[in-house]
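Here the structure comes first, spelled out in structure tokens, and everything after it is commentary.
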Number of protein chains: 2
Amino acid sequence: MQGVLESRGASAGSGLTERQGAVLEQALRLLVDGGEKALTTAGVARAANCSKESLYKWFGDRDGLLSAMIGYQASKVRTLDVSAGALDAAGLRRHLVAFAKDLLDVLAGDVSLALNRLAIGQASREGSKLGHMLQERGRRQIGRRAGALLEAGRKARLLAFDDAEEAYGALYGLVVSDWHLRMLLGEEPGEMKKSFSRRAERAVDAFLTLYGKKE
Amino acid sequence: MQGVLESRGASAGSGLTERQGAVLEQALRLLVDGGEKALTTAGVARAANCSKESLYKWFGDRDGLLSAMIGYQASKVRTLDVSAGALDAAGLRRHLVAFAKDLLDVLAGDVSLALNRLAIGQASREGSKLGHMLQERGRRQIGRRAGALLEAGRKARLLAFDDAEEAYGALYGLVVSDWHLRMLLGEEPGEMKKSFSRRAERAVDAFLTLYGKKE
DNA sequence: TGCGAACCGTACCGTACGGTACTGATGGAG
DNA sequence: CTCCATCAGTACCGTACGGTACGGTTCGCA
């Protein structure tokens, strides 16, 4: 059905053709630049040089387009796994700091902020799966990387915790605090980004004070 | 101008009459129930039994209405100050736990979530002061209470920290972690609320491990 | 009793959006 | 060459919203 060569490339098995991916790229661009209000079907069609009819054929609905945008963006972000080699204390700290810095960078990204704003705006009315999708594809993903890292630290007798979820929650809170919310509310991230490194190190130090094994 | 008896009552000196406050109450109700999409001028007028013309006369604009809603809600929430009496370790912990629990309760409240969603949704386009207002009236307010509490703890030689802002950030992160974002994204707070007490105590214990003075 | 201000209810207007239908062009398959 | 599917571009429709204008009513005040 519908042609033999679909030339699906960057879609990561999402069932999307290259063309559709390019359209989603333009839609994300529009969303980042102008917010949800700028994300109209006519606008997407114009920006992507496609017809509205094709949009509805491919994504069925405006909500379908939004879901596809989240899925597409999530498929592009791949969480690199921690090298499972033997860890010493300095190596664990280095890995934790790298994780914290990556976390802050991801949360401060244009696309991440725009998609989170979109999902939060849609979260009021019932039946909107956007929030759930973002939660599942975003937090769970990065949570897995953190979980693996923490587990490796425990295996190496460098960390001590009973509930991995609680330890991860503490790490997340120490790293992020209320910065994510402030950026979502529109605070300019320009000045903040420069302090991410120092912030990540401080947070990891505090985390290790809480959960690091005292020799 | 406009009548001698304005009968301003619950407006806390915001220059609002009782009638206007009641209208804002209904507007908040609409926002909580149906999200921003349900917050139409006609809907507010119908719910509050007033005319659209009056709405525009009082608030000038739809954005003016939104700003007035935030200001009105902020004027209702008064942060009770900590009793400045002498603190012992147990008292400090009790105060911190109470603060943490209040913080979680406030963040999980219907109106708070709805207003945060509204401000975040408007944060994309430039010139929207809603995010700034919410930040100023919300976080700054509760941050002052926390700051006073931390300062009292330091005065009593129960806490040790150099940067009060950093200590407050750690406390906030340990208490809230990513729960606020999850609730903003639509996760049902029903199941979470029951664990707030335990969560607050755990977070305060961790905070005291980090910043409590070791005798 | 008459005046005037405020206000409710509603009708109205322009616009913009979601979604659909139609036309014409392209390009591959038989 | 012909047929057929896909798609771009555009016109179109119904609806809903922000904002304005108007008639009717209440109520304080002289």
Side-chain angles (χ1 to χ4, degrees), chain A residues 1-9 11 15-27 30-31 33-69 118 121-122 124-125 127-128 130, chain B residues 1-9 11 15-27 30-31 33-69 118 121-122 124-125 127-128 130:
Chain A
M1 48 150 66
Q2 53 221 62
V4 181
L5 69 163
E6 293 201 355
S7 66
R8 47 188 65 175
S11 58
L16 295 176
T17 67
E18 277 185 6
R19 180 88 179 97
Q20 291 163 13
V23 168
L24 293 179
E25 202 85 44
Q26 291 301 317
L30 276 182
L31 179 67
D33 286 349
E36 181 186 357
K37 209 177 73 65
L39 195 71
T40 70
T41 53
V44 173
R46 198 179 323 115
N49 285 328
C50 75
S51 71
K52 290 171 64 176
E53 198 172 17
S54 301
L55 288 182
Y56 287 99
K57 187 189 203 68
W58 292 333
F59 308 109
D61 201 347
R62 187 173 187 267
D63 286 356
L65 177 65
L66 304 184
S67 300
M69 288 168 64
L118 176 67
Q122 299 277 333
S124 54
R125 71 160 194 161
S128 133
L130 295 188
Chain B
M1 49 149 62
Q2 52 223 62
V4 182
L5 68 163
E6 293 203 355
S7 65
R8 46 188 64 173
S11 58
L16 295 175
T17 66
E18 277 186 4
R19 180 85 180 101
Q20 292 164 13
V23 168
L24 293 179
E25 202 85 45
Q26 291 301 317
L30 276 182
L31 180 67
D33 287 348
E36 182 186 358
K37 209 177 69 67
L39 194 70
T40 70
T41 53
V44 173
R46 199 179 321 117
N49 286 327
C50 76
S51 72
K52 289 172 64 174
E53 198 172 15
S54 302
L55 288 182
Y56 286 99
K57 186 190 205 69
W58 294 333
F59 307 109
D61 201 348
R62 186 172 187 267
D63 286 356
L65 177 65
L66 304 185
S67 301
M69 288 167 63
L118 176 66
Q122 300 277 334
S124 54
R125 72 160 192 162
S128 135
L130 296 189

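Worth saying up front: this structure is predicted, and the values here are computed from it rather than measured. Proteins come first, then strands; the chains are lettered A, B, ... in the order of their sequence lines, and each starts at number 1.
Per the geometry, CG belonging to A:Asp63 stands 17 Å off P belonging to C:dC17, to the nearest Å. For B:Arg62 and D:dC17, the CZ to C1' distance is 9 Å, given to the nearest whole Å. Following rounding to the nearest Å, B:Glu18 (CD) and C:dC7 (P) show an atom-to-atom distance of 14 Å. Remark: C1' of D:dT20 and NZ of B:Lys57 are 13 Å apart, rounded to the nearest angstrom. Counting to the nearest Å, the C1' atom of D:dG18 and the CZ atom of B:Phe59 are 16 Å from each other. Taking atom CD on A:Gln122 and atom P on C:dG18, their separation rounds to 11 Å, with Å as the unit.
Contact check, B:Trp58 against C:dA6: no side-chain N or O comes under 4.0 Å of OP1 or OP2.
In this structure, the side chain of B:Arg125 does not engage the main chain of A:Ala38 through any donor-acceptor pair within 3.5 Å.
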Inset, instruction - Take A:Trp58 and A:Thr17 through the side chain to side chain contact (heavy atoms under 4.5 Å, CB included) test and state the conclusion after the steps. - result: CA-CA 10 Å; A:Trp58 292 333; A:Thr17 67; 5.8 Å; no
Legend entry - Verdict with reasoning, A:Met69 to A:Leu65, per side chain to side chain contact (heavy atoms under 4.5 Å, CB included): CA-CA 6 Å; A:Met69 288 168 64; A:Leu65 177 65; 4.2 Å; yes
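Pairing each heavy atom of A:Lys37 with each of A:Thr40, the nearest pair is O-CG2, 3.7 Å. Across all non-hydrogen atoms, the minimal contact from B:Leu66 to B:Gln122 is CD1-NE2, 4.3 Å.
Distance check, rounded to the nearest 0.5 Å: CG of B:Leu30 to CD of B:Glu36 gives 12.5 Å.
Interface residues of residues 42-55 of chain B facing DNA chain C, ordered by number: B:Asn49, B:Cys50, B:Ser51, B:Glu53, B:Ser54; criterion, heavy-atom separation under 4.0 Å.
Heavy-atom nearest nucleotides on DNA chain C were determined for A:Asp61 and for B:Arg19, and the one closer to the 5' end corresponds to B:Arg19.
Closest to the B:Tyr56 side chain, of the nucleotides C:dC8, C:dG19, D:dT20, is D:dT20.
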